[in-house]
Amino acid sequence: MTDALLTGTPDPALVDFFDRPVLDVAPLVLGAVLSRSTDAGRVAIRITEVEAYDGRTDPASHAYRGRTARNASMFGPPAHLYCYFIYGIHHSLNLVCGPTGTPTGLLVRAGEVVEGVELARSRREAKPRKHPLPDAGLARGPGCVASCFDADLSQDGAPLDGREWSLTPPAAPSADIRFGPRIGVRGEGADPQRFAWRFHLGGEPSVSARKAGNRLDLGENSSIDSTLT
DNA sequence: AGATCGATGCTCT
DNA sequence: GAGCATCGATCTG
């Protein structure tokens with residue numbers, strides 16, 4: 001991260017939005033519009049799929065074994081990005097949640113590109129591909145989300161301050177939210193009873209159908225555990 | 001449609 | 001040196 005990226009301060013209302021338990025924020029961030037503006041132009045996605053990670057209790061979290069140079073951003077203030085590099089190829093974007101010092105975040109797994117479709121497509125197609133890419137597939141998968149934004153490690157720690165990056169929460173929570181086990185997680189963190197921490201919107205082409213989760217009831221008498229089928 | 005596997009490099013032990 | 005919060009092409013049934 002660079003000093004220039006840290007000069008901005010997110011709006012207090014947005015800080016409040018993210019300064020809560022990560023499992024509280026997860027269903028509410030679905031439908032939010034995340035955007036990045038660069039010299040190349042502006043790309044915005046409506047977030048349709050996220051996964052929660054909690055470094056205090058969650059063996060799958062990069063922060064589970066404590067603070068390191070890589071995961072430092074997750075220990076930082078909310079309403080900032082945690083960006084990392086994985087599998088030698090892909091970058092992934094997380095939205096840091098909770099108060100400073102609490103290493104929790106939401107991995108942005110998929111979204112609908114609502115602005116800058118051509119720019120997002122050109123970034124995705126920088127490498128030639130065999131089959132044509134439908135719009136709905138532009139930001140399907142965390143590596144693809146990062147690619148649409150041309151995000152790399154230089155964006156780790158960047159604030160959602162409305163300068164380069166911005167996020168607008170939805171006016172109201174979605175009526176059709178699903179949840180289930182996280183994708184690509186191995187070991188204890190893959191336990192579907194303890195860590196059904198993947199959340200996505202129902203009926204979204206930007207989310208693979210075969211990965212559909214259970215219906216989440218946001219009613220006041222419900223809990224995530226009790227709605228597991 | 002599902003399983004398998006190669007690409008490719010950073011991070012931590 | 002092992003493992004990895006992935007993607008997408010290529011197998012197989």
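In what follows, every chain begins at residue 1, and chains take the letters A, B, ... in the order their sequences are listed. Hydrogens, waters and symmetry mates play no part in the numbers below; they use all other heavy atoms, side chains included.
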Novice: Can you tell me how far P of dT11(B) sits from CD1 of I86(A), to the nearest Å?
Specialist: 10 Å
Novice: Where do D156(A) and R70(A) land on the salt bridge (charged side-chain N to carboxylate O under 4.0 Å, His left out) test, with the steps shown first?
Specialist: CA-CA 9 Å; D156(A) 183 35; R70(A) 174 171 70 153; over 6 Å; no
Novice: When clusters are formed by joining ILVMFWY residues with side-chain heavy atoms under 4.5 Å apart, either directly or through shared neighbours, do Y53(A) and V145(A) land in the same one?
Specialist: no
Novice: Between residues 110-126 of chain A and DNA chain C, which residues have a heavy-atom gap below 4.0 Å?
Specialist: R124(A)
Novice: In whole Å, what is the span from the OH atom of Y84(A) to the P atom of dT11(B)?
Specialist: 13 Å
Novice: Is it the case that over 12 heavy atoms from other parts of the model lie below 6.0 angstrom from the CZ atom of R129(A)?
Specialist: yes
Novice: Nearest whole Å is fine: how far is dG3(C) P from R70(A) CZ?
Specialist: 15 Å
Novice: Taking E49(A) as the fixed residue, which of R178(A), H200(A), R140(A), R198(A) is the one that meets the side chain to side chain donor-acceptor pair (under 3.5 Å) rule?
Specialist: R198(A)
Novice: Is the shortest side-chain N/O distance from K130(A) to OP1 or OP2 of dT10(C) below 4.0 Å?
Specialist: yes
Novice: Considering non-hydrogen atoms only, spot the tightest contact between G111(A) and S206(A) and give its length.
Specialist: O-CB, 3.4 Å
Novice: To check you understand the geometry: which heavy-atom pair defines the closest contact between L201(A) and G31(A), and what is its length?
Specialist: CD1-N, 4.1 Å
Novice: Please verify the inter-ring angle class for H91(A) with F85(A); under 30° counts as parallel, over 60° as perpendicular, anything in between as tilted.
Specialist: tilted
Novice: Among the candidates dG8(C), dA5(C), dG9(B), find the nucleotide nearest to the side-chain atoms of M74(A).
Specialist: dA5(C)
Novice: Give a yes/no answer on whether the side chain of H90(A) brings an N or O atom under 4.0 Å of OP1 or OP2 in dC7(C).
Specialist: no
Novice: Assign R65(A) to base, sugar-phosphate, or nothing according to its heavy-atom contacts below 4.0 angstrom with the strands shown.
Specialist: nothing
Novice: Nearest of dT6(C), dC10(B), dG8(C) to any side-chain atom of F85(A)?
Specialist: dC10(B)
Novice: Could you please name the option among dC10(B), dA5(C), dC12(B) that lies closest to any side-chain atom of T68(A)?
Specialist: dC12(B)
Novice: Quickly work out the R182(A) CZ to dT6(C) P distance and round it to whole Å.
Specialist: 11 Å
Novice: Could you check how far CG of D54(A) sits from P of dA5(C), rounded to whole Å?
Specialist: 16 Å
Novice: State yes or no: do V96(A) and V25(A) share one hydrophobic cluster built from I, L, V, M, F, W and Y residues joined by side-chain heavy-atom distances below 4.5 Å, directly or via other members?
Specialist: no
Novice: Take the protein atom CZ of R67(A) and the nucleotide atom C1' of dC12(B), then report the distance between them rounded to whole Å.
Specialist: 16 Å
Novice: Specify the separation, in whole Å, of atom CG of L95(A) and atom C1' of dA5(C).
Specialist: 14 Å
Novice: Quick one: the side chain of Y87(A) and the base of dA7(B), do they pair up donor-acceptor inside 3.5 Å?
Specialist: no
Novice: Where the side chain of L153(A) is defined as all heavy atoms beyond and including C-beta, which of dA5(C), dA7(B), dT11(B) is the nearest nucleotide?
Specialist: dT11(B)
Novice: Just how far, in rounded Å, is C1' of dA9(C) from CD1 of I89(A)?
Specialist: 12 Å
Novice: Which stems, defined as runs of 3 or more consecutive Watson-Crick or G-U wobble pairs with both pairing distances under 3.5 Å, involve DNA chain B?
Specialist: B:1-7 with C:6-12, B:9-12 with C:1-4
Novice: Quick test of the criterion, 5.5 Å between centres and less than 30° between planes. Is Y53(A) stacked on dA5(C) or not?
Specialist: yes
Novice: On a heavy-atom basis, which atom in C148(A) and which in V113(A) lie closest, and how many Å separate them?
Specialist: SG-CG2, 4.4 Å
Novice: On the nucleotide dA5(C), are OP1 or OP2 found under 4.0 Å from the side-chain N or O atoms that R109(A) carries?
Specialist: no
Novice: F18(A) pairs by side-chain contact (heavy atoms from CB on, under 4.5 Å) with which of P99(A), P169(A), P78(A), P10(A)?
Specialist: P78(A)
